[in-house]
Structures are given as structure tokens and as C-alpha cells.
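To keep things clear, I will list the structure first and then write my remarks on it.
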Amino acid sequence: MYEDSTDVRQHASQSVLNAADAGRPSFERLVDKIEILDRDRHKPILILDGGLGTTLEDEYQVTFSSKDTPTWSSHLLASSPETLVEAHRSFVQAGADIILTATYQASFDGFTSTRRYDRNATSVERSGFYSQEEARDLMRSAIPLARSAFGAEKGLVALSLGAYGATMIPSTEYTGEYPPEMGDCVTLKRWHAQRIMAFEADQKTWDEVDLVAFETLPRVDEIQAVRSAMQVLPMQKPFWISSVFPNDDEKLPDGSEVIDVLEAMVAQTPSESKLISHPPTPVGIGINCTKVSKLRSLIQKLEEAAASMQIHLPHLVLYPDGANDMTYDTTSQLWVAAKDAAGVGNWEEDMFDIVHEVQERDKWAGIVVGGCCKTRPQHIARLSEKIKHKR
């Protein structure tokens with residue numbers, strides 16, 4: 001974690017770019033490409049899609065397991081791309097301006113540990129595993145699939161890239177517990193850079209990507225790592241970073257305070273960073289895969305931290321899960337009843353109220369809002385409709 005001292009904070013605030021000004025040109029060019037809600041507002045709201053993996057389970061009866069489908073929803077890039085397009089399209093029809101690709105848990109290791117899929121073969125006959133080249137091609141195929149879901153409509157495709165822990169078995173993006181060999185900024189940067197360059201190396205694929213979404217990051221060193229990984233790309237893209245806050249202490253799983261998270265996300269020379277200075281600044285930062293009930297306090301802490309560091313905030317990206325009465329058990333790989341399930345509210349009502357409150361405070365360059373696990377197209381449709389008719 002960062003040192004909690006006045007000298008360090010003052011140094012960090014002096015070395016932070018105006019995040020809103022740095023990100024706004026790129027985001028404005030993206031917004032110009034689409035038809036969005038509240039375009040007449042100087043800070044319009046963009047609607048993100050919902051939880052792809054859980055929608056595939058709940059709406060399309062897809063079954064996942066770490067043994068047979070270690071890349072989870074990315075497995076359908078090989079087994080049933082038409083189902084992925086249909087799921088993406090259901091979110092577009094619900095009002096989503098931005099579709100995340102089916103690559104959250106995709107990785108070279110994941111695909112090379114997956115038996116090659118042939119819909120005409122029996123499970124016994126599927127003896128081979130995907131090669132590195134096949135893994136690369138499958139990951140790239142997610143981009144045009146997401147784009148095709150818009151049809152003739154305008155929309156943005158965000159390349160979904162989960163934390164390193166999301167690719168582990170069992171997944172550890174909710175704990176941040178990584179093996180020793182992946183426990184530092186430099187190694188995590190190398191891993192993220194290798195994966196993202198699989199997309200960037202093919203210009204046709206990269207041209208179809210509007211922005212990159214680094215999601216569910218549980219560690220400050222990984223936040224630093226993804227920013228540094230973006231630095232090495234010859235062809236830059238706008239990107240956002242979202243983190244997960246699964247515990248009741250309002251800290252990252254690695255124990256970092258909100259102010260440390262903000263510094264890692266936007267500072268140009270984060271204290272104790274082992275990576276290069278002046279990494280690219282994200283156009284958006286925020287929270288995903290976190291209970292809605294935790295958002296208000298976390299957002300206010302981000303705003304207070306920004307004020308103490310004397311910086312302007314970029315876009316706020318919010319996509320909490322829709323399972324207020326459930327929690328995901330990474331060991332059993334099942335959704336189970338949450339211990340604090342009593343008194344949960346209505347997801348889209350709660351999200352609408354939170355977005356309205358953020359707009360009223362006017363601290364952010366704009367808002368991107370959607371859902372994560374257990375948010376289906378109907379959740380996004382109701383939220384989109386409420387935002388559209390709020391005036």
C-alpha cells in the first residue's frame with residue numbers, strides 16, 4: 001500500500017493530470033458515434049450492458065464449470081458464437097450504448113487448457129487442446145461478434161479484460177490472492193500486456209475496439225500494471241479501470257484504502273510505483289461486481305479523495321451486480337444466499353437514485369452505468385427507461 005503521509009499526498013496531487021481534461025477528448029469522440037440518452041446535457045449518461053455470464057446461465061441455460069469451460073463465457077466463442085451474439089443483442093435491445101466483449105476470463109492459459117471444441121464430435125473425441133494461435137484467434141473473434149449485435153444501430157464495443165485472478169481456478173479476483181510469481185507490478189504488467197497485444201497486433205480487430213475495460217481489479221499493484229501495459233501499445237485506445245469492493249470495510253481485497261485506489265488509477269507518478277512514470281490516464285474509473293448498497297459511500301469517498309488531492313475526476317463507471325440477496329461462492333461455483341440479504345431494494349430504482357445523486361453533485365466528467373453479475377437485459381431495459389424519462 002501507499003504511504004499515508006502529507007508529503008506523499010501532496011506529491012501525488014502535484015503529479016496528477018487533470019483526469020477529466022485528459023480523458024474528455026477521447027470520450028467525446030466516442031459519444032459522437034452513438035445515439036445516447038440525455039445528449040442535450042453537458043454530461044450525458046451512457047448505458048452499459050449487464051452480466052453476460054450469468055445471463056447466459058439464466059436466460060440461455062448455458063452451463064459453466066472450471067473443469068470443462070475454464071474460460072467461462074469466452075468458451076462460447078468456440079462452442080456457440082451465435083448464442084453470444086443473441087445475448088449481446090438482447091442488451092442492445094434493452095438500451096445499452098456499450099457492449100462488453102466475451103473476453104473477461106479469456107487468456108492464453110485458459111484456452112490452451114481447454115479441449116478443442118467440435119460440435120460434430122463426442123466429448124471422448126475431443127482430445128486435443130487449443131494452441132496459442134487458436135487461442136489468439138478465438139479471443140479476437142469476440143470483437144466482431146459484439147459489434148454485430150448492434151446491427152444497423154450505433155454503439156460502442158468495449159474490450160473486456162478481467163483481473164489476472166479472474167483467469168485462475170478457482171477465481172481470486174474477489175480476494176486478490178495471487179501466486180507468488182504473479183505478486184508484483186512488473187509481472188502483472190507483462191501478463192496484461194501479452195494479452196492485450198493479442199488484440200492490438202491485428203489492426204482490423206483493434207480498429208473495431210472503441211475502448212478497453214479493465215474490470216474487477218482487486219489490487220493496487222494490478223491497477224498500476226494495467227496502466228503501464230497500456231503505455232507500451234503502439235496504437236492507443238481510451239480505457240477505463242474498475243475495481244471490486246466485496247468486503248464491508250470499504251477497502252480493496254488487498255487492503256488498500258479508497259484514496260490509494262484513486263491515486264493508483266489517475267496519478268502520474270504513484271508513490272511506491274515500480275513502473276514507469278506518466279502512464280496513460282483512464283477516461284473512466286469506477287466500481288463493478290460490488291453490491292449496490294455499498295456504492296453511495298464508496299463514490300463519496302472517491303469524491304472526497306479527489307478533493308483532497310486537488311484533481312478533477314474522469315467519467316464514473318458503475319456496474320454493480322444485481323444479486324443483492326445472493327453471493328457467489330468461488331469454491332462451489334454457485335450463487336448462494338447472502339448473509340445480509342434482508343431489506344434489499346429494487347436494483348434499477350436504487351441505481352437510478354444513485355446516478356441522480358451523482359449528477360446533482362456534479363463532480364464527474366460523465367457517467368457510464370450498467371450491471372454486472374445477475375443483471376439481465378430486463379434490468380438494463382428498466383434502468384435505461386427510467387433515465388430516459390426522468391425529466
Side-chain angles (χ1 to χ4, degrees), residues 19 22-23 26-27 30 46 48-49 52 73-74 98-107 110 139 142-143 146 156-168 171-174 176 178 182 185-200 206 209-233 235-245 252-254 256 260-267 270 273 275-276 279-290 302 314-320 368 370 372-373:
S26 294
F27 223 114
L30 293 179
L46 277 72
L48 183 61
D49 61 8
L52 177 61
S73 58
S74 302
I98 305 173
I99 292 294
L100 288 158
T101 58
T103 49
Y104 172 74
Q105 287 166 302
S107 69
M139 289 191 288
I143 311 301
L156 302 177
V157 171
L159 174 60
S160 170
L161 298 175
Y164 171 76
T167 69
M168 293 179 62
S171 61
T172 61
E173 71 265 47
Y174 302 113
Y178 293 179
M182 296 299 296
C185 296
V186 175
T187 307
L188 286 168
K189 170 197 171 181
R190 188 180 304 119
W191 185 87
H192 279 283
Q194 180 195 32
R195 181 171 61 170
I196 197 169
M197 289 182 75
F199 299 94
E200 190 269 347
W206 197 237
V209 174
D210 292 304
L211 67 164
V212 178
F214 292 106
E215 309 182 90
T216 330
L217 301 189
R219 300 164 53 124
V220 158
D221 57 2
E222 191 163 20
I223 293 172
Q224 294 176 340
V226 298
R227 291 182 65 193
S228 190
M230 290 297 292
Q231 177 81 24
V232 304
L233 297 179
M235 294 185 288
Q236 291 290 307
K237 289 285 182 182
F239 67 100
W240 79 57
I241 299 173
S242 62
S243 285
V244 60
F245 293 84
L252 277 193
D254 73 350
S256 298
D260 298 310
V261 176
L262 179 65
E263 184 183 343
M265 286 178 168
V266 301
S273 175
L275 301 177
I276 57 175
T281 304
V283 297
I285 62 172
I287 304 160
N288 77 294
C289 216
T290 298
L302 284 168
H315 285 69
L316 174 63
V317 185
L318 292 177
Y319 47 124
V368 177
C372 202
C373 300

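Just so you know, residue 1 is the first one in the sequence shown, and it goes up from there.
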Can you tell me how far apart OG1 (Thr290) and CG (Leu318) are? Round to the nearest 0.5 Å.
9.5 Å

Return the minimal non-hydrogen interatomic distance between Cys372 and Asn288, and the atom names on each side.
SG-ND2, 3.8 Å

Ignoring hydrogens, what is the shortest heavy-atom contact between Ile241 and Leu217? Give both atom names and the distance.
CG2-CD1, 3.7 Å

With side chains defined as the heavy atoms from C-beta onward, is the minimum distance between Leu252 and Phe245 less than 4.5 Å?
yes

Using atom types as modelled and distance alone, determine if a side-chain donor or acceptor of Lys237 lies under 3.5 Å from a backbone N or O of Trp206.
yes

Contacts of type side chain to side chain donor-acceptor pair (under 3.5 Å), residue Ser107, not counting sequence neighbours:
none

Exam field: side chain Thr101 to backbone Ser160, donor-acceptor pair closer than 3.5 Å
yes

Atom CZ in Phe199, atom CD1 in Ile143: separation rounded to 0.5 Å?
5.5 Å

Which value, rounded to the nearest 0.5 Å, describes the distance between Arg227 atom CZ and Gln224 atom CD?
8.5 Å

Where the side chain of Glu222 meets the backbone of Tyr164, is there a donor-acceptor pair that is under 3.5 Å apart?
yes

Straight-line distance of Leu211 CG to Leu156 CG, nearest 0.5 Å:
6.5 Å

Arg219 (side chain) donor-acceptor with Ala163 (main chain) under 3.5 angstrom
no

Are the side chain of Trp240 and the backbone of Val317 linked by a donor-acceptor contact shorter than 3.5 Å?
no

Return yes if some donor-acceptor pair links the side-chain N/O of Asp210 with the main-chain N/O of Val157 below 3.5 Å, else return no.
yes

